[in-house]
Engineer: 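Attaching a single structure in structure tokens format; questions to follow.
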Amino acid sequence: MRFSFLMAAVLAACGPPVPSSDAGTDAGSPDAGGPTNCQEPYRRCEAEFRFRALDEQSVQLRGDFAADGWTLGVPMRKEGTEWVARVPVGFGSDVQYKFLINNTIWVNDPANPKTLGGNSLRENVTCTTFTCPVGAPEQGAFDWRDSVMAFVFVDRFFDGDAANNCSVSGVTPAGQYQGGDWKGVTQKVNEGFFTQLGVNTLWLTVPVKNATVGGLGSDGRTYSAFHGYWPTDLEQYESCFGTKADLVALVAAAHANGMQVLFDFAMVHMHSQSTLYAQHPDWFWSLDFEGRQCVCGGGCDWNAQGQRCWFTDYLPHWNYTVAAARDYTVNQAVRILQETGADGFRLDAIKHVDDSWLLQLRTEVEQLAATRSPRPRMYFVGETYDFGNRDYLKSFVDPAAKLDGQFDFPLRLQLLQSVVMRTSPMTSLRDLLATNDAFYGPNALMSPWIGNHDLGRVIHMAEDAPMWGDPYADGKDRAFNNQPTLPGYRRPFERLANAFTFLLTSPGVPLLYYGDEIGLPGAGDPDNRRFMQWAGLSADQQWLRSRVAALGQLRKTHAALRRGKRALLSATNDTLVYSMSDGAETLYVAINRGDSDESVSGLPAQAMQDLLNQSSVSGPNVLIPARSARVMK
Ligand SMILES: [Ca+2]
């Protein structure tokens, strides 16, 4: 919340300036039950504010240090010749504030020259003595600010064991099981495939048992459950992908390689083949709703009846207003994390379940986290397919009780338009970023991304003429006919490299959809789920993969790129320049999407190294070649 100071009567500072003490170096008292040494983002510092006293009757500290900090504030106490207030603030946070004198006069801090939006600004409050809230992840556990995630579509990734391969009759190859499995992923983990790309988090497709029959897709074609979204038994693992032991071994191999594992969890529905559905029909919404078949987008509306409509007529929708249904699925989800050792969930279509389910999952998963040492953060990333309404996405994000973050659909829209398709100026991307990085609140870790399994492959959006005009086109028109092939020229790969430069130099948990690092071609579902290409890469594909790897290693080496704060330095129609700084180090990123070289401004007037291209440059104006980027220090 930002205080509107325009309406307030402010004015002159009442009294001579005095030095303000450093923020938050005082000792605090530990939160009851909180750990003694938690990860930085969860630490609370005590920030001290002082104001030289003259003849005021009262002074209040007002600011954004608390939800009601601008409206209620904190009364300051007189200590000698000064008014003093101490308030807890998040480690590394910025605080905007004013003093309210005698309940009538607003003044900025005369001892602090820094301002933002007309308020006094204290930047990057840190402290050596801090408190930790109950449930905070401990120092030594994985810090999710360091995460780079790859979505591994297990069936389409690597076949490590032909003995477990499945086939469903009546299904054509594109919708058929293709043999990928957990042993195959484990092999690639151990070979260092992900580590070379800087990826340290795997999002794996749903691991539980799925329907063994074919099902009709919305396109009228018959599919197998290779995607994992037709669960029949939450208590069994999918034998087409291997055994429980294979999955446990995968997680262990990932951990041994410094990687985390998230499972996709499909908690909206079960497949009608499920015996659970036969045994407990009351745990599911009836397909009948006011006399019509309540299929989403058919007899029911995706939004109005979104928490009860069936995605298709063979996917009964869980009714989580029934406590037994909620208990059952939450317990199964927690058990899966417990017995595999995995680290969190990607929660599919989260807006289609009752809030109570997510709240209960967080509560019970936190109990599981408390049994691990050092206590980790169990990361939940949600999918809410909405690219226009940030407030709606944010309504699910609350690290204390709900999601850690969501896939950033609104940012992806602008990223496609500005960087990949070039239909909207880079200044528009800058304008979104001006509010987006901090939009989802303290400790939120959103996932920026450009490609996923529901959209046409992003390489085609980077072609000279984007294959689809709408960034969120589903690409189904060419999924079975006139399927796209690999572009035979460098420019689309360069544009994707620019998009990856942005992703891998931005805060949050960047997502890489398997194969996008080599510009894997494909139209909409299921053509966007082609088997991973392991051999015969073109020179352009090899070039792109090497760029993604270089960016991944830069992010790994420089904490400022993953944990830092972004400052926007300049933007034009074709260029964007920003810095990432964590207090210890500042790196500068410049991206030119245009087809001609551009000189960008806003950089420091100093000699710098371009770490991405191993060259020397000199600010404040630096030439960025066409369709390329620099990461400078
Ligand atoms: Ca296999």
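Side-chain atoms are counted along with the backbone in the values below, which use heavy atoms only and exclude waters and symmetry mates. Counting starts at 1 for both ligands and their atoms, following the listed order.
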Engineer: Verify whether the ring centers belonging to Phe151 and Phe263 lie closer than 6.0 Å.
Structural biologist: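 Not under 6.0 Å, so no.
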
Engineer: Which atom name does Asp159 have for its N/O/S atom nearest to the Ca ion (ligand 1)?
Structural biologist: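 Per the distance ranking, Asp159 contributes OD1 as its closest N/O/S atom to the Ca ion (ligand 1).
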
Engineer: From the Ca ion (ligand 1) out to just under 3.0 Å, does an N/O/S atom of Gly179 turn up?
Structural biologist: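 Yes - counting backbone and side chain alike, Gly179 has an N, O or S atom under 3.0 Å.
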
Engineer: Looking at Asp161, pick out the N, O or S atom nearest to the Ca ion (ligand 1) and give its name.
Structural biologist: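 Result for Asp161 and the Ca ion (ligand 1): O.
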
Engineer: Looking only at N, O or S atoms, find the one in Asp181 nearest to the Ca ion (ligand 1) and name it.
Structural biologist: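 Looking at Asp181, the N, O or S atom with the least distance to the Ca ion (ligand 1) is OD2.
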
Engineer: With respect to Phe407, which candidate in Trp203, Phe396, Phe387 satisfies the ring-ring contact (aromatic ring centres under 6.0 Å, His included) definition?
Structural biologist: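 Per the ring-ring contact (aromatic ring centres under 6.0 Å, His included) rule, the option paired with Phe407 is Trp203, out of Trp203, Phe396, Phe387.
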
Engineer: Check whether the ring centres of Phe158 and Trp534 lie less than 6.0 Å apart, and answer yes or no.
Structural biologist: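 They qualify: ring centres under 6.0 Å apart.
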
Engineer: Does any donor atom in the side chain of Tyr223 or Asp219 lie under 3.5 Å from an acceptor atom in the other side chain?
Structural biologist: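 Note: Tyr223 and Asp219 side chains meet the donor-acceptor criterion.
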
